[in-house]
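Working notes for the structure below.
Computed over heavy atoms, backbone and side chain alike; hydrogens, waters and symmetry mates excluded. We name chains A, B, ... by the order of the sequence lines, and we start the count at 1 in each one. Predicted model only: the values in this text are computed from it and were never measured.
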Amino acid sequence: MSILHTVNKSPLDRTTLKSCLNLAVKGASVLLIEDGVYGAVSGAESTQMVQDAMGDVAVYVLGPDLKARGVDESRLIDGVKVVDYDGFVDLTTDNDTVSAWV
Amino acid sequence: MSNVKKFMYINNKAPYGTIYAWESLEVVLIGAAFDQDVSLMFTGDGVYQLMKGQDTKEVGIKNFSPTYAALGDYDINKIYVEKESLDARGLTVDDLMHLVWEDEDEDWAEKDSIRVVTSAELAEILDQQDVVLSF
Amino acid sequence: MKFGIQVNEGPYTHEASVTAINFVKSAVAKGHEVFRVFFYHDGVNNGTRYATPPQDDINIQQTWSNLAKEHNIDLVICVAAAQRRGLADDGEQERNKLDGNNIMDGFRISGLGQLIEAGIECDRLVVFGD
């Protein structure tokens, strides 16, 4: 079994990213969408938490939501992969289950 | 082929401030009729949904907390509460409603429905699900 | 693959509807089937036909309606959530003796069982919310 988690809130506003990372098994994927994309940036309070998790889980970020917010990809934590909506769909089919941290 | 899937309901939000907790429980009750393998998990502020002694009279909205006690009658008895979320809020299982179910295979012995589990245990349980519903 | 989609939030206030629309567009473009979109909580407001957003903005309700027609997608509004929030079709209008109805073409109002059924029938259920 493999699982994709989606997180749509900034980690500086809500704790859903933290909850998600606590409950993500090794090998899980985490996709940051909507305001969740702020969790993908480096130099933020949340950066260390995400970097620590990246040893066990793959972190993706939705490019269109990054662009909408003026967040340049150069600001992303190393190793975070940018996907578009097609990539989002592929992540849901590559994994067996999708868990949304709304 | 068996058409029974593992359904997990994530409860991550506190009650009353928003309607999500109540409308989520409505789905659980309706879903019970479909004979699927149902679990509920309570994480984050979602653990507040299970607090004892809820009284909404003065607020004037529906107190839906008694409904949790009925879940056992619907054969929903896998109610996972994340230990770390309780700890972070200064709560223990004694602060939560006592939810039970009757085990048909053991002469209807009354058993606890709430299982306090660690994040690591809950992560494994979540990983085994077929359908994850969030509200 | 066969997808079920759950939308928990109303249009405009939250991005959830638009993310769901973009996801559905990509999924069908890639050859997947979107079996059903289930609208719950304030998500039922995705199905009102009386929205008249400014012309330079996306018309979310109309977009759903068009997607449903083009790709044969079942758009289901939860009846319990709809009754709380004032969404009605012909049947609801008659049952509750309302003076009109406001549901958008391509949507229908039905029970929560439709969500569970989508979970059972579909290969993936994807939730969009707040």
Side-chain angles (χ1 to χ4, degrees), chain B residues 1-41 43-46 49 56 59-64 67 70-71 74-76 78 126-135, chain C residues 1-10 13-17 19-20 23 27 32-47 76-87 108-130:
Chain B
M1 193 190 123
S2 154
N3 208 20
V4 174
K5 285 190 172 182
K6 289 187 169 191
F7 274 68
M8 173 63 86
Y9 292 83
I10 298 186
N11 294 278
N12 197 47
K13 290 174 178 151
Y16 307 117
T18 57
I19 199 171
Y20 300 104
W22 172 220
E23 286 192 331
S24 169
L25 194 52
E26 289 191 314
V27 180
V28 174
L29 296 174
I30 298 289
F34 285 76
D35 293 326
Q36 302 295 303
D37 181 0
V38 174
S39 302
L40 273 61
M41 59 183 260
T43 55
D45 281 352
Q49 292 181 32
T56 60
V59 177
I61 55 178
K62 183 186 173 86
N63 178 0
F64 58 87
T67 310
L71 291 175
Y74 288 86
D75 289 330
I76 295 167
K78 286 180 283 194
L126 184 57
D127 191 49
Q128 298 304 314
Q129 304 300 315
D130 296 310
V131 181
V132 180
L133 292 165
S134 328
F135 300 94
Chain C
M1 270 193 183
K2 194 169 174 177
F3 279 91
I5 307 288
Q6 179 187 331
V7 177
N8 288 340
E9 297 300 333
T13 307
H14 295 93
E15 195 181 349
S17 302
T19 307
F23 183 93
H32 297 296
E33 176 193 355
V34 177
F35 168 66
R36 177 173 293 153
V37 183
F38 189 85
F39 298 91
Y40 198 40
H41 304 301
D42 285 356
V44 300
N45 292 316
N46 281 275
V76 178
I77 292 171
C78 168
V79 63
Q83 285 169 341
R84 285 193 177 108
R85 293 163 179 87
L87 256 286
R108 65 188 180 96
I109 294 180
S110 188
L112 278 168
Q114 302 280 307
L115 172 61
I116 307 298
E117 188 191 63
I120 295 169
E121 295 289 321
C122 295
D123 300 304
R124 299 289 182 275
L125 184 82
V126 188
V127 181
F128 297 91
D130 176 27

Worksheet item: Yes or no on salt bridge (charged side-chain N to carboxylate O under 4.0 Å, His left out) for Lys5(B) and Glu117(C), after CA distance, side-chain angles and deciding distance?
Response: CA-CA 11 Å; Lys5(B) 285 190 172 182; Glu117(C) 188 191 63; over 6 Å; no
Worksheet item: Could you go step by step and tell me if Asp42(C) and Ile19(B) meet the side chain to side chain contact (heavy atoms under 4.5 Å, CB included) rule?
Response: CA-CA 10 Å; Asp42(C) 285 356; Ile19(B) 199 171; 6.0 Å; no
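In this structure, chain C has heavy atoms under 4.5 Å from both the backbone and the side chain of Glu23(B). Only the side chain of Phe7(B) comes within contact range of chain C, with at least one heavy atom under 4.5 Å from a heavy atom of that chain. If you measure heavy-atom distances from Arg84(C) to chain B, the contacts under 4.5 Å come from the side chain alone. Interface residue Cys122(C): only backbone heavy atoms are found under 4.5 Å from chain B.
At distances below 3.5 Å, not a single donor-acceptor pair connects side-chain atoms of Asp130(B) with backbone N or O atoms of Ile120(C). A side-chain donor-acceptor contact under 3.5 Å links Gln6(C) to the backbone of Ser134(B).
Of all non-hydrogen atoms in Val132(B) and Val127(C), the two that sit nearest each other are O-CG2, 4.0 Å. A pairwise comparison of heavy atoms in Asp130(C) and Lys13(B) identifies O-NZ, 3.7 Å as the closest pair.
Scanning for ring pair (Phe, Tyr, Trp, His ring centres under 6.0 Å) contacts around Phe3(C) gives Phe23(C), His32(C), with sequence neighbours left out. Residues satisfying the ring pair (Phe, Tyr, Trp, His ring centres under 6.0 Å) criterion with Phe135(B), sequence neighbours excluded, are Tyr40(C), His41(C).
The number of heavy atoms from other shown groups lying within 6.0 Å of NZ (Lys2(C)) is above 12. Counted within 6.0 Å of CZ on Phe34(B), heavy atoms from surrounding residues, nucleotides or ligands total more than 12; the atom is thus considered enclosed.
The CD1 atom of Ile116(C) lies 8.5 Å from the CD1 atom of Ile30(B); values are rounded to the nearest 0.5 Å.
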